[in-house]
Amino acid sequence: MNIGEGMIIAMEYKYEQTKEFEIEEMAKSLTFRQQGLFLLMAIERKFALYKKYAKGQQWDRTEKLNTFLEDCWDTIINDAKYDYIAQRIEFPENPDEEEDQLYECWKDCPSNIIKNYKYTIWIEILSNIVGYMYGIIDQIATISLLIKKDNNNELRVGVYNFRFLEDCFGSYAPELFERAFEQGEEELFQEHELMCLEFEREKRDIEYLKTEKDLQKIYQRYHIDLQESIIDDYYFDIIKKQMPYNQ
């Protein structure tokens, strides 16, 4: 074995110890439709964070983003067709169309809407969520097509909630991020309260999907009732205090 091979094995072993890997293993038995629902369950937690801190701001796009989510739920649950979703899996005839999609996302980000904006961590986090909200449309479009063709479970959705938290830690706790990912102390990040909370929630979501067959109940529970935030007020207020923003 050469040095390069040893490094690859070590990196793979570390990933297999992560909570993200455990969730991927648990989600292998989900059908395409269940994977779409699982994806929506996870994005709802990011959206709950955005809604709370965007409320009352001139850059609030909650209504528009909520429409995206409701259309995605309708697509997965009822096989509804929305042209703007279906078109996301087609190759644009005009290269400018892809740029138009990116521009639409960018123009709804708080960091773009705020006049004379200066880099602010919590605004960047909320802007990142807007990006995820637009990105989910592509994934839902792909899943909806696969549902119609076959109901096996080969596709693996990218939930990215753990990676989202990783980005947040890198922003507000750089010393923790550095120790975890540069000095090999991954457990500092893996065992953080927020990571453990998201892990337990995703395990719960998967088990719920395996037992609840009423898709409307799943929609009601996750889109209307729970309103769980991926980052609770305590931690997000710490981030805001580190770099406050006053309009």
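All residue numbers refer to positions in the sequence shown, counting from 1. Hydrogens, waters and symmetry mates are skipped; everything else that's a heavy atom, side chains included, is used.
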Is any side-chain heavy atom of [X] closer than 4.5 Å to a side-chain heavy atom of [Y]?
X      : Y      : answer
Ser29  : Lys210 : yes
Glu207 : Met26  : yes
Asp138 : Thr142 : no
Glu44  : Glu228 : no
Thr75  : Lys81  : no
Leu165 : Asn161 : no
Phe236 : Lys241 : no

TODO: Check step by step if side-chain hydrogen bond (donor to acceptor under 3.5 Å, both in side chains) holds for Tyr219 and Asp74.
DONE: CA-CA 9 Å; Tyr219 166 80; Asp74 197 20; over 6 Å; no
Test item: [X] side-chain N/O and [Y] main-chain N/O as donor-acceptor pair under 3.5 Å:
X     : Y      : result
Gln57 : Trp59  : no
Gln34 : Leu209 : yes
Arg33 : Ile76  : yes

Open item on the list: Does Ile114 form a side chain to side chain contact (heavy atoms under 4.5 Å, CB included) with Gln58? I'd like the steps, not just the answer.
Closed with: CA-CA 8 Å; Ile114 297 171; Gln58 55 93 9; 4.1 Å; yes
Task: Tyr235-His192 aromatic ring centre distance below 6.0 Å - done: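 Under 6.0 Å, so yes.
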TODO: On the 0 to 90° scale, with breaks at 30° and 60°, tag the Tyr103-Trp106 ring pair as parallel, tilted or perpendicular.
DONE: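 Ring orientation, 0 to 90° scale: tilted.
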Open item on the list: Parallel, tilted or perpendicular: which one describes the rings of Phe164 and Tyr132, with boundaries at 30° and 60°?
Closed with: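 Phe164 vs Tyr132 ring planes: perpendicular.
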Task: Atom CD of Glu25: over 12 foreign heavy atoms under 6.0 Å - done: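 Yes, the 6.0 Å shell around CD holds more than 12 heavy atoms from other groups.
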Open item on the list: I'd like to know whether Tyr160 forms a side chain to side chain contact (heavy atoms under 4.5 Å, CB included) with Asp167, so could you lay out the CA-CA distance, the side-chain angles of the two residues, the decisive distance to 0.1 Å, and finally the verdict.
Closed with: CA-CA 10 Å; Tyr160 304 128; Asp167 289 340; over 6 Å; no
- [ ] Going by the side chain to side chain contact (heavy atoms under 4.5 Å, CB included) test, name the single residue among Asp205, Ile231, Leu197 that passes it with Arg45.
- [x]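 The option that passes is Asp205.
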Could you give the distance from [atom1] ([X]) to [atom2] ([Y]), rounded to the nearest 0.5 Å?
X      : Y      : atom1 : atom2 : value
Leu126 : Thr120 : CG    : OG1   : 10.5 Å
Ile136 : Leu65  : CD1   : CG    : 11.0 Å
Ile206 : Thr211 : CD1   : OG1   : 12.0 Å
Leu215 : Asn78  : CG    : CG    : 8.0 Å
Leu40  : Leu69  : CG    : CG    : 6.5 Å
Ser127 : Tyr117 : OG    : OH    : 6.0 Å

Output yes when [X] and [Y] qualify as a salt bridge under the 4.0 Å nitrogen-oxygen rule, no when they do not.
X      : Y      : result
Glu200 : Lys19  : no
Asp83  : Arg88  : no
Arg163 : Glu20  : yes
Lys107 : Glu104 : no

- [ ] Using the test ring pair (Phe, Tyr, Trp, His ring centres under 6.0 Å), find all partners of Phe199 that sit at least two apart in sequence or belong to another chain.
- [x]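 Not a single residue meets the ring pair (Phe, Tyr, Trp, His ring centres under 6.0 Å) criterion with Phe199.
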TODO: Would you please name every residue forming a ring pair (Phe, Tyr, Trp, His ring centres under 6.0 Å) with Tyr134, sequence neighbours left out?
DONE: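 With neighbours one apart ignored, the set is Phe68.
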Give me the atom names and distance for the closest heavy-atom approach of [X] to [Y].
X      : Y      : answer
Ala54  : Thr62  : CB-OG1, 4.4 Å
Asp232 : Leu194 : N-CD2, 4.4 Å
Cys168 : Ile125 : SG-CD1, 3.9 Å
Val130 : Pro110 : CG2-CD, 4.0 Å

- [ ] Determine which pairs satisfy salt bridge (charged side-chain N to carboxylate O under 4.0 Å, His left out) with at least one residue from residues 51-61, sequence neighbours left out, and list them in order.
- [x]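 Counting only pairs at least two positions apart or across chains, the salt bridge (charged side-chain N to carboxylate O under 4.0 Å, His left out) contacts touching residues 51-61 are Lys52-Asp233, Arg61-Asp108.
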Task: side chain to side chain contact (heavy atoms under 4.5 Å, CB included) between Ile77 and Leu37, worked out - done: CA-CA 8 Å; Ile77 291 177; Leu37 294 170; 4.0 Å; yes
Open item on the list: Please determine whether side chain to side chain contact (heavy atoms under 4.5 Å, CB included) holds for the pair Ile121 and Glu124, giving the CA-CA distance in whole Å, both sets of side-chain angles, and the decisive distance to 0.1 Å.
Closed with: CA-CA 5 Å; Ile121 292 174; Glu124 292 295 320; 5.6 Å; no
- [ ] For Asn66 and Glu70, test the side chains for any donor-to-acceptor distance below 3.5 angstrom and give the result as yes or no.
- [x]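 Checked: Asn66/Glu70 side chains pair up, N/O donor to acceptor below 3.5 Å.
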